[in-house]
There are 2 protein chains.
Amino acid sequence: MAEGPTINTIARHAGVSIASVSRVLNGLPTREETVRRVLRAAEELGYVPNSVARSLKSRRTNQVAFAMADIGNPVYLAMVREIQPVLRAAGYRLLLHSTDADVADELDVLRGLGERYVDGLIMSPLRVTEGHLRALAAARAPVVVIGSVPEGAGVDNVRADSRTGVRLALDHLYGLGRRRVAFVNGPADTVPGAARAAAYREALEALGLPYDEDLVEVGDFYREDGARAVQALLDRAGDVDALMCANDLIALGALDVLRRAGRRVPEDVAVVGMDDTDLAAVAWPSLTSVSLGSARRGRAAAELLLDRLENGEREPRVVTVEPRLAVRASTVGVREAEERDEALRTGRAPRTGRAQRTEEAVQAAEAPAGEVAGDAGEGLR
Amino acid sequence: MAEGPTINTIARHAGVSIASVSRVLNGLPTREETVRRVLRAAEELGYVPNSVARSLKSRRTNQVAFAMADIGNPVYLAMVREIQPVLRAAGYRLLLHSTDADVADELDVLRGLGERYVDGLIMSPLRVTEGHLRALAAARAPVVVIGSVPEGAGVDNVRADSRTGVRLALDHLYGLGRRRVAFVNGPADTVPGAARAAAYREALEALGLPYDEDLVEVGDFYREDGARAVQALLDRAGDVDALMCANDLIALGALDVLRRAGRRVPEDVAVVGMDDTDLAAVAWPSLTSVSLGSARRGRAAAELLLDRLENGEREPRVVTVEPRLAVRASTVGVREAEERDEALRTGRAPRTGRAQRTEEAVQAAEAPAGEVAGDAGEGLR
DNA sequence: ATCCCATCCGTAAACGTTTACAGAGCCAGT
DNA sequence: ACTGGCTCTGTAAACGTTTACGGATGGGAT
């Protein structure tokens with residue numbers, strides 16, 4: 001671990017000043033001969049520029065941080081997977097913070113921006129408190145928040161559209177003839193929890209279905225909690241014919257419980273998850289799930305941040321990502337799910353009238369206010 | 001984004017020198033009065049120390065990088081999940097590199113250590129080339145490699161034990177009466193690919209089973225490739241009664257193909273995956289899988305690196321993590337898998353003699369040379 | 001020969017810290 | 001009153017870059 005050569009070492013070796021070395025290495029106009037000597041010395045010594053020193057002078061670190069609750073959650077994972085290549089292509093390194101959704105931790109990260117170890121931050125808090133808003137306002141570097149933040153918070157914001165998402169799912173279930181659609185939610189004091197609860201009520205109303213408290217159960221966003229919640233639901237309201245779950249993990253828990261209870265999915269109870277994680281496709285029966293576009297949200301956030309880093313001041317933007325419904329066996333049955341799969345693979349439309357009908361539900365509804373991000377494939381603007 | 005206060009600003013405000021400010025902030029002995037003035041000024045101005053400047057002076061960045069092929073692969077994810085908290089507890093930030101298993105990229109990362117933007121690196125290359133060894137030898141910061149690297153490479157090394165792992169799986173299958181056990185591998189020029197191929201031959205031999213080329217198929221470590229490979233296998237050797245897959249993704253592909261071919265799992269064909277990722281538990285039927293201890297390897301790597309960062313020079317160490325077999329429905333059937341689950345939950349041993357027998361296979365075999373890491377729970381030494 | 005301008009390069013300052021060193025002030029001991 | 005030693009603080013250098021500025025050199029125009 002010998003001390004590496006610096007610009008000084010090279011200057012001495014090449015018999016020039018450090019200024020010349022710097023100029024050559026940065027491609028500024030220099031006499032041919034000097035260029036040769038410097039490059040030669042740099043090559044011989046295996047010189048690598050010290051990024052810390054460079055950062056100190058340039059006030060840029062070429063690093064960006066992503067702070068999320070838990071890297072183990074497939075939703076955040078999907079985000080990281082998109083964020084990483086976007087940043088990388090722009091020459092930024094990615095730094096990861098796992099905060100366990102701990103508010104104090106998240107605030108620490110925001111304050112930590114003062115240390116200037118990153119040029120910007122993408123953050124996806126589960127809860128947004130007063131403290132968050134204050135810290136965001138005082139942040140010493142650009143921040144993009146994934147997850148709704150009040151207007152006027154002064155930060156770029158990428159939003160999912162739970163409202164439309166839940167609506168898609170309930171329309172789909174309604175179309176399949178389900179009328180007792182229960183809702184298994186995560187904590188009501190989280191951003192997604194609150195949004196999805198409201199969305200559920202709204203969607204019921206739009207469909208002319210009554211809101212029945214007995215059909216709503218709250219746990220946490222994990223498989224075990226989901227299982228417990230669903231068990232409670234079944235005990236209380238045995239006649240449910242569909243479960244809308246606030247994320248895929250809860251839905252997996254639901255599948256466990258239903259299987260154990262001898263209820264067939266989807267014949268007796270249809271199940272819809274949310275987030276459309278990798279797990280949904282692997283589960284059995286494969287899980288119909290509302291995609292809230294985690295990947296697209298990640299990409300949009302990265303692009304917003306890059307834009308801000310390059311173009312400096314400008315009005316904060318809000319980008320909303322359209323949800324989609326990924327229809328699989330847990331609502332339409334194994335047979336049709338396979339047909340759909342096949343159709344997707346071969347690029348043809350599914351055959352049956354029933355498939356046709358539910359296909360309509362895949363159409364995303366009106367976009368809400370704000371910009372709307374397009375396909376994952378296309379860029380931001 | 002106003003320019004933040006520096007140590008100079010504080011010095012002026014408090015009417016002292018920058019040296020005093022630094023001393024106070026670092027807790028060096030100082031007169032009471034000065035301490036008060038400095039702290040007051042720092043508080044008022046909302047001072048946050050600049051970590052870049054600090055790094056330049058101290059030659060430490062308090063950052064560590066983890067370079068892996070693809071953050072989307074659950075194996076690496078499991079590692080990150082363990083690495084992150086360990087590093088964090090020691091005050092290090094985690095930086096992520098996704099190299100797509102591209103050799104040039106990996107070498108770039110190693111060379112990049114000369115930029116001194118991190119204090120150390122954990123790297124998990126899929127292939128280890130001559131170039132890797134050279135770059136490792138020349139690395140300007142401590143590196144821990146996850147994945148076998150030749151003795152004498154001079155780096156700390158955390159290894160899986162594929163040999164024992166495959167052996168556990170084949171013993172298990174043999175115990176269930178399977179005799180035509182096929183092997184679906186990933187590319188032979190990767191470290192795990194090569195290790196697992198050798199392990200398969202060895203395990204067969206130990207069981208007195210013949211090695212049949214027709215029973216071996218090579219694809220890539222992904223679901224689609226696995227499916228293709230298994231299809232080819234079935235076309236060629238319809239009488240296989242078990243599939244040993246070189247990772248879980250391949251095994252998932254195998255489940256797809258078998259289902260489509262109308263082969264029951266495990267009645268007609270038993271399937272074993274490898275890595276015991278989250279997907280294995282979710283799949284249907286749930287997937288028996290050899291855990292190579294991704295989580296434990298991640299943790300061990302982080303601890304090795306920390307140890308080296310704190311204690312400086314010392315002989316490179318090799319840590320080998322013991323494999324285990326997670327027995328699930330894809331080999332023993334849904335019924336028994338559920339019983340095992342239940343037993344695990346209630347902490348009692350499973351009932352049936354058959355369960356008893358396969359339980360023995362769960363015992364890890366002799367540990368190979370080198371240190372052996374214990375449970376995920378316990379520390380390194 | 002003189003002057004001007006262009007080109008190239010070196011000196012030095014700056015980025016924000018930490019820290020070696022020495023000076024200032026003070027008290028106690030003679 | 002002087003000295004020695006202690007405590008506290010300020011000055012300055014250093015970490016490895018980038019860059020403003022001005023000096024040196026040389027060539028062409030007068």
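FYI, side chains are in, hydrogens and waters are out, and symmetry mates aren't considered; it's all heavy atoms of this structure. Just so we're on the same page: letters track the sequence lines, and every chain starts at 1.
- Neither OP1 nor OP2 of C:dC8 sits under 4.0 Å from any side-chain N or O of A:T30.
- Between A:E32 and A:R37, none of the side-chain N atoms (NZ, or NE/NH1/NH2) sits under 4.0 Å from a carboxylate O, so this pair counts as no salt bridge.
- A side-chain donor-acceptor contact under 3.5 Å links A:E106 and A:H132.
- Distances shorter than 4.0 Å separate some side-chain N or O of A:R54 from OP1 or OP2 on D:dT18.
- Here B:R159 pairs with B:E151 in a salt bridge; the nearest charged N to carboxylate O distance falls below 4.0 Å.
- Residues of residues 9-19 of chain B that place a heavy atom closer than 4.0 Å to DNA chain C, in numerical order, are B:I18, B:A19.
- Remark: P of D:dT25 and CD of A:E33 are 17 Å apart, rounded to the nearest angstrom.
- Using a 4.0 Å cut-off between a side-chain N of Lys or Arg and a carboxylate O of Asp or Glu, B:R93 and A:E115 qualify as a salt bridge.
- In this structure, A:N50 places its CG atom 17 Å from P of C:dT17, rounding to the nearest Å.
- Here A:P29 lies out of heavy-atom contact (under 4.0 Å) with every strand.
- Positionally, the nearest nucleotide of DNA chain D for B:T34 lies more toward the 5' end than for the other of B:T34 and B:A53.
- For D:dT18, one of the phosphate oxygens OP1 or OP2 lies less than 4.0 angstrom from a side-chain nitrogen or oxygen of A:N26.
- Side-chain N/O atoms of B:S58 include none lying less than 4.0 angstrom from OP1 or OP2 on C:dT18.
- Distance B:L56 CG to C:dT19 P: 13 Å, rounded to the nearest Å.
- Electrostatic pairing of B:E43 and B:R40 does not count as a salt bridge here, judged by no charged N lying under 4.0 Å from a carboxylate O.
- For a distance-only test at 3.5 Å, the side chain of B:K57 fails to qualify as a donor-acceptor partner of the base of C:dT17.
- OP1 or OP2 of C:dC9 sits under 4.0 Å from a side-chain N or O of A:R31.
- For the pair A:Y47 and D:dT17, the criterion of a side-chain N or O lying under 4.0 Å from OP1 or OP2 is met.
- Residue B:S22 has no polar side-chain atom (N or O) positioned under 4.0 Å from OP1 or OP2 of C:dT17.
- Atom CD1 of A:I7 is separated from atom P of C:dT11 by 14 Å (rounded to the nearest Å).
- Separating the CD atom of B:E115 from the P atom of D:dC15 is a distance of 20 Å, rounded to the nearest angstrom.
- A:N8 places its CG atom 16 Å from the P atom of D:dA13, with the value rounded to the nearest Å.
- At least one side-chain heavy atom of B:R314 sits under 4.5 Å from a side-chain heavy atom of B:D156.
- A side-chain donor from one of A:T61 and A:D119 sits under 3.5 Å from a side-chain acceptor of the other.
- Within 3.5 Å, a donor on the side chain of A:R23 pairs with an acceptor on the base of C:dG10, or the reverse.
- When rounded to the nearest whole Å, the span between CD of B:E32 and C1' of D:dC8 equals 14 Å.
- Between B:D102 and B:R127, no side-chain nitrogen of the basic residue sits less than 4.0 Å from a carboxylate oxygen of the acidic one, so the salt-bridge criterion is not met.
- Between C:dG16 and A:R59, a contact under 4.0 Å exists linking OP1 or OP2 to a side-chain N or O.
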